[in-house]
Amino acid sequence: MSYMNPMNAVSPANTMNPMDHFCPDCPTQTVYDPPVTLYEDYYHPQLVNVVQAVEVVKQHHCCPVYHKSCVYTEKDVMVRVSSKRAKTSSKKPASRTRTRSKKR
């Protein structure tokens, strides 16, 4: 049984149109590949007892934890009102002028 593609069909008038392609009637061939072996794996549960020895080693380390505390003292001081007041100066300090050097 052969399959005919409409694009490969020859027109009845035996004229070649640009859209038509010539397809000769080639005989069918049969080619055999080498056999392939397929394996199907089936798994069944098997109980296996495994005993694992575990050794626990407790390691103790010293690490600093800072606890801040404040130590303070108190004292009582008697403050007397003085008749002398501190004199404040109304003069402003003289401003300094700087000369810049010219960049070359």
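Numbers for residues simply follow the sequence, beginning at 1. The basis for the numbers below is simple: all heavy atoms, side chains too, and nothing from hydrogens, waters or symmetry mates.
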Which donor-acceptor pairs under 3.5 Å do side chains of residues 47-76 form with protein atoms, sequence neighbours excluded?
none

Please tabulate, for the side chains in residues 34-42, all donor-acceptor contacts under 3.5 angstrom to protein atoms that are two or more places apart in sequence or on a different chain.
| residue | atom | partner | partner atom | Å |
| --- | --- | --- | --- | --- |
| Glu40 | OE1 | Tyr42 | OH | 2.7 |

Joining Ile, Leu, Val, Met, Phe, Trp and Tyr whenever any side-chain heavy atoms lie under 4.5 Å apart, the cluster holding Met78 also takes in none
